[in-house]
**Student:** 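Take this structure first; my questions come after.
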Number of protein chains: 2
Amino acid sequence: MPYSIEHKQHSQERILAAAVDLFCRFGFDKISVAQVMKQANMTHGAFYAHFKSKSMLYAQAIKHAAVHSLWTREQHNISQLSDFKYLIESYLSLGHVNQLGSPCPLAFLVTDVAHSEPAVREVYQQTLQSMLSSMAKQLEQLDLKNPSALAQQIMTSMIGAVSVARTLSDEQLQLSILNNAKTVLFNQLKANE
Amino acid sequence: MPYSIEHKQHSQERILAAAVDLFCRFGFDKISVAQVMKQANMTHGAFYAHFKSKSMLYAQAIKHAAVHSLWTREQHNISQLSDFKYLIESYLSLGHVNQLGSPCPLAFLVTDVAHSEPAVREVYQQTLQSMLSSMAKQLEQLDLKNPSALAQQIMTSMIGAVSVARTLSDEQLQLSILNNAKTVLFNQLKANE
DNA sequence: GTCTATATGATGATAGAC
DNA sequence: GTCTATCATCATATAGAC
């Protein structure tokens, strides 16, 4: 058995990381399987030993991106409202928009996913619901009112601001949009204290 | 001269209408030139007598959709705050999300455009700026504070809510997201009265 | 301007050697 | 599991008749 199971897992991990990076940066349809595999340091043909189709990779990549996203990783470090606010600020930063760290697939791929097949959209919906419920739990522990509605308001506003900023080239306008979204959300937090 | 100039304009109009509908519904990359032309009741080859390339059609289609969007059409009918609120409600409706009327390209194509070539992104940015400035003017006439910032907050929140709702299949979740966005925006309007 | 026909290129996916 | 080579398909764009 020349290839260990760890080796396969490591290869899959590289493919997924490459897929997240490239799909978020250039879009699902603009990136070929060959390009993903090249960034993962493999050749085109090896892909199908790991995924059944390009669409299945898409679905897995969204899950992967969600797990590794800034928001998911830092969420358990929240003990007070200021921590939560800091996380919002990080999400609404130019660094996130310019995809320096790990991008949030919900923002970078919204309409992309809307135009994909049902299985992919299903994963997007599940990912969103999972993020919403864990965020609502955090908000509840911080003693905020209407945690569920608040979480939805925060998520969709953040996704809107980041996805719009992502399409713009005018950096001043980007910054303005991101900061205005922050203002709205902080107001909304205060209103539910 | 067997073809009048009105005939050409009418053909272009049909192509643009088909492009808006299909691109918003299925995505730019999922729709071929042949499909657009079929919906416009012409054949593939006739396309290039009207547009230089598929990308140029994309840019023109975004402009076309913006001009014909619900928001642009109804904007001049605003005389009081309740009119403005009604427009927000229309934008944040299931009908808009399900693309029954004229879709707003800024919401239906956000990440799609982000992954397109610079010329298309430029048109998106110009369209957004144009909508923002006319909305800010309306808000100013309604004697609201910070009209420019308010307009940005409203646009990005609405785009976020509609584009997210568009990708979901769970109708309850769609409605919840749309309604929560509405609540945030009405709060924000009240805070700037 | 619109049609039919075609050139040209890229992509998703498979086959078989190692 | 990964490689090279290849198939089949579909896309954008062009050419030439009407």
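Throughout, a chain's letter reflects where its sequence line sits, starting with A, and its residues are numbered from 1.
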**Student:** Can you give the donor-acceptor pairs under 3.5 Å from side chains of residues 15-23 of chain A to other protein atoms, not counting sequence neighbours?
**Tutor:**
residue	atom	partner	partner atom	Å
A:D21	OD1	A:R25	NE	3.3
A:D21	OD1	A:R25	NH2	2.8
A:D21	OD2	A:Q39	NE2	3.0

**Student:** Contacts to DNA chain D from residues 35-43 of chain A, heavy-atom cutoff under 4.0 Å, which residues?
**Tutor:** A:M42, A:T43
**Student:** What is the first contacted nucleotide of DNA chain C and what is the last, in 5' to 3' order, if contact means an atom lying under 4.0 angstrom from a heavy atom of chain A?
**Tutor:** C:dT11 to C:dT14
**Student:** Can you list the residues that meet the salt bridge (charged side-chain N to carboxylate O under 4.0 Å, His left out) rule with A:K182, with sequence neighbours excluded?
**Tutor:** A:E89
**Student:** Pairs under 3.5 angstrom only: tabulate donor-acceptor contacts from the side chains of residues 67-76 of chain A to other protein residues two or more places apart or in another chain.
**Tutor:**
residue	atom	partner	partner atom	Å
A:H68	ND1	A:H64	O	2.8
A:S69	OG	A:A66	O	3.0
A:S69	OG	A:T72	N	3.4
A:S69	OG	A:T72	OG1	3.1
A:T72	OG1	A:A66	O	2.6
A:R73	NE	A:H68	O	2.9
A:E74	OE1	A:N77	ND2	3.0
A:Q75	OE1	A:S134	OG	3.2
A:Q75	NE2	A:S134	OG	3.2
A:H76	NE2	A:R73	O	2.7

**Student:** Output all residues satisfying side-chain hydrogen bond (donor to acceptor under 3.5 Å, both in side chains) with A:Y91, sequence neighbours left out; order by chain, then residue number.
**Tutor:** none
**Student:** Sequence neighbours left out, what passes side-chain hydrogen bond (donor to acceptor under 3.5 Å, both in side chains) with B:K30? Give chain and number order.
**Tutor:** A:D29
**Student:** Tell me every residue that passes side-chain hydrogen bond (donor to acceptor under 3.5 Å, both in side chains) with A:S116, counting only those two or more places apart in sequence or in another chain.
**Tutor:** none
**Student:** Taking the six-membered ring of B:F28, is NZ or CZ of B:K54 closer than 6.0 Å to its centre and within 45° of its axis?
**Tutor:** yes
**Student:** Please list residues of residues 25-34 of chain B whose heavy atoms come under 4.0 Å from any atom in DNA chain D, ordered by number; otherwise none.
**Tutor:** B:I31, B:S32, B:V33
**Student:** Once side chain to side chain donor-acceptor pair (under 3.5 Å) is applied, what residue pairs with a partner in residues 119-132 of chain A remain, sequence neighbours excluded?
**Tutor:** A:Q125-B:S169
**Student:** Is B:N98 reaching over with its side chain to a backbone N or O of B:L100, donor-acceptor style, under 3.5 angstrom?
**Tutor:** no
**Student:** Can you name the ring-ring contact (aromatic ring centres under 6.0 Å, His included) partners of B:H115, sequence neighbours left out?
**Tutor:** none
**Student:** Would you please say whether a donor-acceptor pair under 3.5 Å links the side chains of B:Q152 and A:S176?
**Tutor:** yes
**Student:** Keeping B:S53 on the side-chain end and B:M56 on the backbone end, is there a donor-acceptor pair under 3.5 Å?
**Tutor:** yes
**Student:** Return the residues of residues 44-52 of chain B meeting this criterion: a heavy atom under 4.0 Å from some atom of DNA chain D. Order them by number, or give none.
**Tutor:** B:H44, B:G45, B:Y48
